[in-house]
*Asks:* 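After the structure tokens below, expect a handful of questions from me.
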Amino acid sequence: MDLSQVALIPQPASLIATGSSFRLTDDTHLYASGEGATAAAEFLAGSLRPVTGYVLPVIAPAAGEPGDGHITLQIQSDTELGPEGYELTISEAGVTLTAPAGAGLFYGVQTLRQLFPAQIEAGSPQSGPWEIASGTIRDMPRYGYRGAMLDVARHFFSVQDVKRYIDLLVAYKFNVLHLHLTDDQGWRIEIKSWPKLTEVGGSTEVGGGEGGFYTQEQYAEIVAYAAERHMLIVPEIDMPGHTHAALVSYPELNCDGRDLELYTGTEVGFSTFCTQKEVVYEFIDDVIGELAALTPGPYLHIGGDESHVTKMEDYIPFVERVQGIVQKHGKEVIGWDEIANAKLVPGATVQYWAVAENAAKGLAQGAKVLISPAKYTYIDMKYDSTTELGLSWAAYIEVDRGYSWDPVEQVEGITEGDILGIEAPLWAETIDEMADIEYLAFPRMPGYAEIGWSPASSKDWETYRQRLAAHGPRFEALGINYYRSPLVDWPAASSE
Ligand code: ACM
């Protein structure tokens, strides 16, 4: 077998094929040593057992000569690989996966999954043989932040849906899920000190459905589920605009204090907190405080986009003050690119989505930039004019357009070191179930995975297109409702 012919996404940093293969059998053991190795080995065994029917015990390394036919996962220092890199060596005699940290072992496991035939993803008994090509892969990411965003405010998605999205994303080595938790149409995270946010503000969604919200226990469950998969949850409270659901729940946050009706349409830019009222900052301090306590990761996203009814002279001091609240609660600020019009605190990150000049203003202040240009990375954009779901205000984003751009070419004067990473947001005005998320995310998300992980020099649409085609059967085995783009020569679907 030829390792160089296996369709890996994202493409590893380096790969040497040695022309033979390793066969997984019912006698294979997984030897795990070092912090995080057992968890990575259990993840691998957990994905292989239901399909192969093998026992695949995860145990400490055998004393002496362990014999052939086994898989070893081992923490081992290797400064060149960094916190997420790994080395995977496959021979007829066995598989050895080493990494300086548990995250690297986890990503090596994701690569291993892709080396097996597609049926490995079926989750139910399938016939083997379970053979993988031999060689060595040394691999590490281009960026430390490889993100997806899910808007759970316009339409609410269940804990189960979010977990499934996490599962699908980590298979492609994404390590951040940004949750857009609040917007005009809904407030989706329980805040114990302001209970009407969810009682009232969480009670509907776009189109007037019943909405919903995460209790703090459910939210903690999502955070923990993600952490077990080396994924960080970045929570967003969008403000001072996109706040109608909060303003309905607590009219005192509004300048004129009047009662408002819930909003289930899809307009933007009509709401604002009253930036001059002290109660607004007391409210934000409580919300950020409760959310920070639920957030083990470093980041808290303050939104800041499309505040069209907040005067600039009010917006700027608001953003400056809210950044201080985030810092007080021990977190680092991320905001949409408009926040760069304010004075940014040290360590702030500007998420470039619309206006490159705003990103440049952030750079001039020493901020990092998270690259999310709507015209390339907004996966709520339709593939083409015939796509039923999604919008088209930024562009049609077919699979080639989603893949064929580079983060370092998006903002004048930006360098690789200024870039925190990339993120592909999925706004939910037009989608309300998991199958819709899958349709817009696949097959575009693997392309963003490659942009975020693989060396820029390896990017090539023609070869990517072929690798992506080979992932069609994997999408099917995983039950993903994907868009069969006509730009990709998919193998005939098993269901067709
Ligand atoms: C945005 O799309 N309003 C950040």
Side-chain angles (χ1 to χ4, degrees), residues 145 147-155 176-188 205-206 234-246 263 265-273 299-310 312 315 318-319 322-323 333-342 344 348-362 367-382 389-397 402 405 407 410-411 420-431 437 440-441 444-445 448:
Y145 185 120
M149 188 209 83
L150 182 63
D151 169 12
V152 296
R154 268 55 173 274
H155 282 97
V176 178
L177 179 62
H178 162 187
L179 290 175
H180 182 75
L181 291 168
T182 67
D183 213 305
D184 292 315
Q185 299 87 347
W187 185 285
R188 309 298 179 202
E205 60 184 10
V206 166
V234 173
E236 178 186 352
I237 303 295
D238 200 352
M239 55 192 156
H242 289 280
T243 45
H244 186 83
Y263 181 69
T266 60
E267 296 296 314
V268 298
F270 60 87
S271 57
T272 185
F273 282 150
Y299 305 116
L300 214 141
H301 200 303
I302 60 171
D305 58 316
E306 297 176 312
S307 273
H308 302 322
V309 295
T310 321
M312 199 46 106
Y315 177 86
F318 175 86
V319 169
V322 170
Q323 290 181 94
V333 170
I334 304 184
W336 299 107
D337 63 52
E338 290 95 323
I339 68 161
N341 290 298
L344 299 174
T349 295
V350 172
Q351 184 166 11
Y352 163 48
W353 69 281
V355 179
E357 291 75 25
N358 285 340
K361 284 182 197 169
K368 293 250 182 198
V369 178
L370 177 57
I371 304 286
S372 285
K375 61 191 174 187
Y376 295 121
T377 70
Y378 271 30
I379 59 168
D380 58 313
M381 292 299 117
K382 293 175 183 288
L389 299 170
L391 303 171
S392 58
W393 59 265
Y396 292 125
I397 305 181
W405 61 279
Q410 303 308 310
V411 178
L420 181 67
I422 72 155
E423 189 176 287
L426 177 48
W427 300 97
E429 286 95 332
T430 68
I431 61 171
I437 294 179
L440 291 173
R444 287 182 286 203
M445 288 308 279
Y448 303 118

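In each ligand, atom 1 is the first atom listed, and ligand 1 is the first ligand listed.
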*Asks:* Considering only non-hydrogen protein atoms, determine which one is nearest to atom 3 (N) of ligand 1 and report residue, atom name and distance to 0.1 Å.
*Replies:*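 For atom 3 (N) of ligand 1, the nearest protein heavy atom comes out as D305 OD2, 2.7 Å.
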*Asks:* For V206 and E429, work out which heavy atoms get closest and say how close.
*Replies:*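 So the two residues come closest at CG1-O, 3.7 Å.
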*Asks:* Can you confirm whether the side chains of Y145 and E423 place a donor and an acceptor under 3.5 Å from each other?
*Replies:*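 There is such a pair (donor and acceptor under 3.5 Å, judged by atom type) between the side chains of Y145 and E423.
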*Asks:* Check ligand 1 against W427 and write out every atom of the ligand that is under 4.0 Å from a heavy-atom position of the residue.
*Replies:*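 Here the atoms of ligand 1 in question are 1 (C), 2 (O), 4 (C).
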*Asks:* Can you confirm whether the side chains of Q351 and H301 place a donor and an acceptor under 3.5 Å from each other?
*Replies:*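 Judged by distance alone, the side chains do pair up.
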*Asks:* Would one find an N or O of E306, backbone or side chain, under 3.5 Å from an N or O of ligand 1?
*Replies:*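 Yes.
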*Asks:* Could you tell me whether a side-chain N or O of S271 sits under 3.5 Å from a main-chain N or O of T243, the two making a donor and an acceptor?
*Replies:*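 Yes; at least one donor-acceptor contact below 3.5 Å.
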*Asks:* Would you mind checking which non-hydrogen protein atom is closest to atom 2 (O) of ligand 1, with the distance to 0.1 Å?
*Replies:*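 The closest heavy atom on the protein side is Y378 OH, 2.7 Å.
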